[in-house]
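Data block below; observations after.
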Amino acid sequence: MTAEEIHGRLRERFGDDVVTGLVLTDESDPKSPVIYDPPQSMVDAPAIAEVAMFCRDEDALRLDSLMCLSALDRGSNLSVVYNLHSMTHRHVAALRVDVPRAAAVVPSVERAWKTANWHEREAHDLMGIAFSGHSDLRPLILPEGWEGYPLRKDYEVQEYYRGMKVPY
Amino acid sequence: MAEPTTRALRTDTMVLSMGPQHPSTHGVLRLELKTDGEVVQDAIPHIGYLHRNFEKHAENLTYPQIIPYTDRMDYIAAMNNELGFVLAVEELLARGPRPVEVPEKAEYIRVIVCELNRIASHLLAFGAYGLDIGAFTPFLYAFRDRETILELFEELSGARLLYNYIRVGGVARDFPGGFHHKLRSFLGYFGPQIDVYNTLLSNNKIFLERTAGIGVLGVDECIQNGWTGPNIRGAGLAWDLRKEEPYSIYDRFDFAIPVGKNGDCWDRYMVRMDEMRESVKIATQALDQMEERGLLEDENFTAKVRGTLRPPAGEIYMRTETPRGDLGYYIHSDGSDRPSRVKVRSPCFTALSALRKMSRGLLIADVVAIIGSIDIVMGEIDR
């Protein structure tokens, strides 16, 4: 199935309120060519866990592998992009959720794909997105007690970490 | 060795910190082991000791400046890391007004260096795995032959490990004079050498006892945990991006995908041994095709890339087959000369995440065997 067909299938199941647009081109330049590869199906944040389970279990989709989970800083919003792949049908798709910067909470998709466990911990560490329902959101990459989220665009490094001067 | 101790023998739980400085953890990895005698009840990996936030660095660098940083992730297979990034940038550029046309010659050179690097990487995996299990000799053989590849790379790029050789539009330098003869003689020598390794280690009784039937992960579990590369092929799934989504010019070569059967440590190890043969086949065919066309002497080794690279605004996910599995680059471009975000999907990262589940109930020595068999590089996990 193509990304468009998968998007259509998701819309059919969850409705237009939950699965909104399909991002193909950059918003800032409507004339630009299709450079979102794979195109991203926008999903309403609270529904992502349910959509994820559907993507994995629906016979026609069988998106059984989560290739990559990326967290991005888009200014007023933070977003999470899920790049999916089906080992059964050998097709790909991408889901995307946008959440406001001030309340960055996204339900965890760990139940659908175990590999999401570490990817979400990493995104929590570096981008400060809280994954609700995650079994173990301890810091993974950053040391315990590190302040701030380094991959956010407005990040400023802390002056001291446990008495050690940080910027050098 | 994986004989589980009987319940009656259980005593107290002890917490043992294995690493970060430990010869068997393949870099600065710390495992928090909860053990009862020799039996591991839990193995919690602690990573991040090598973290330098490559992804943040990338946001402050222009596209060509990022290439040397990719070298420093998986420093054992730097060529393959560069290729993935460069292909992603070229793919983005291809959708804009100024696409970059990579010359055929550069494509051949890329394939040859990547396959050589795959051999070098698998040789290290083979040698180090022997050391983990207690066999010292294979390591010396592996490093002797790996050295030849590193010398070839040094002649080509000036560096032994971190090459900065594959560039957007082509490669940094042409083959030096007589290089293809050296290449040909190495490939001719190395093919039969794999049989020597197999006699040395692969079918050794002690080695089999330590690895066969240990750390089994089936295909479904592998997919769930995001395993790729030799690790998933060891479980029996013929999944190889070079065949599945042929990038560069991989569709021009004839090669097989070696697979295992049981998904244990030995299968994963053996897939790497067999893959070296396939890499020799690919590199030889690439060299043959180059020579048939007079080494493509009328072609340049790189496209003319004028001015600053500014890929169009958009997002792309590009993955390639490195020696450790699917390496993905997620690039968000805002149309400027620097990416707005680069995310790396590391094959070792996902492989290690399943270690905790696999280790429960095994012996400490088996955990060492598992870590060696999934062939991790901490530079890529921590980034």
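Reminder, nothing fancy here: chain letters follow the sequence lines and each chain counts from 1.
Using a cut-off of 4.0 Å between Lys/Arg side-chain N and Asp/Glu carboxylate O, B:Glu55 and B:Arg383 are scored as salt-bridged. A salt bridge does not link B:Lys357 to B:Asp42: none of the charged side-chain nitrogens sits closer than 4.0 Å to a carboxylate oxygen. One finds a salt bridge joining B:Glu91 and B:Arg95 here, because a Lys/Arg side-chain nitrogen approaches an Asp/Glu carboxylate oxygen to under 4.0 Å.
At distances below 3.5 Å, at least one donor-acceptor pair connects side-chain atoms of B:Arg233 with backbone N or O atoms of B:Trp239. In terms of modelled atom types and a separation under 3.5 Å, the side chain of B:Gln224 and the main chain of A:Lys114 share a donor-acceptor contact.
Side-chain contact of B:Ser336 with B:Arg310: a donor-acceptor pair under 3.5 Å is absent, judged by distance alone.
In this structure, no portion of A:Ala94 lies under 4.5 Å from any heavy atom of chain B. Contacts of B:Leu50 with chain A are absent, with no heavy-atom separation under 4.5 Å from either backbone or side chain. Proximity to chain A (any heavy atom under 4.5 Å) is shown, for B:Ser346, by neither the backbone nor the side chain. With a threshold of 4.5 angstrom between heavy atoms, B:Leu93 does not approach chain A through any atom at all. Neither the backbone nor the side chain of B:Ile331 comes within less than 4.5 Å of any heavy atom in chain A. Of the atoms belonging to B:Tyr330, it is side-chain heavy atoms, and not backbone ones, that fall under 4.5 Å from chain A.
The contact list for residues 118-128 of chain A toward chain B, using heavy atoms and a distance under 4.5 Å, reads A:Trp118, A:His119, A:Glu122, A:Leu126, A:Met127 by residue number. Contacts from residues 83-90 of chain A to chain B, taken as heavy-atom pairs separated by less than 4.5 Å, involve A:Asn83, A:His85, A:Met87, A:Arg90 in sequence order.
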Determine whether A:Ser79 and A:Val99 satisfy the following criterion, side chain to side chain contact (heavy atoms under 4.5 Å, CB included), listing intermediate values before the conclusion. CA-CA 6 Å; A:Ser79 69; A:Val99 284; over 6 Å; no

Step by step, work out the side chain to side chain contact (heavy atoms under 4.5 Å, CB included) result for A:Arg101 and A:Arg152. CA-CA 10 Å; A:Arg101 206 183 178 80; A:Arg152 287 198 184 183; 3.9 Å; yes

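For the options B:Glu315, B:Lys343, B:Glu244, heavy-atom pairs under 4.5 Å to chain A are most numerous at B:Glu315. Contacts with chain A were tallied for B:Ile316, B:Asp220, B:Ile47; B:Ile47 has the most, counting heavy-atom pairs under 4.5 Å. The choice from B:Glu59, B:Glu221, B:Arg319 that makes the most heavy-atom pairs within less than 4.5 Å of chain A is B:Arg319. In terms of non-hydrogen atom pairs under 4.5 Å with chain A, the most contact-rich of B:Leu352, B:Leu237, B:Leu92, B:Asp382 is B:Leu352. The residue among B:Asp334, B:Thr228, B:Asn225 with the most heavy atom pairs within less than 4.5 Å of chain A is B:Asn225.
The ring pair (Phe, Tyr, Trp, His ring centres under 6.0 Å) analysis of residues 37-74 of chain A, with sequence neighbours excluded, yields the pairs A:Phe14-A:Phe54.
The side chain to side chain contact (heavy atoms under 4.5 Å, CB included) search around B:Asn262 returns B:Asp264, B:Asp267, not counting sequence neighbours.
Enclosure of atom CZ in B:Arg356 by more than 12 non-hydrogen atoms of other residues, nucleotides or ligands within 6.0 angstrom is indicated.
A 4.5 Å side-chain heavy-atom check between B:Glu321 and B:Tyr247 finds at least one atom pair inside the cut-off.
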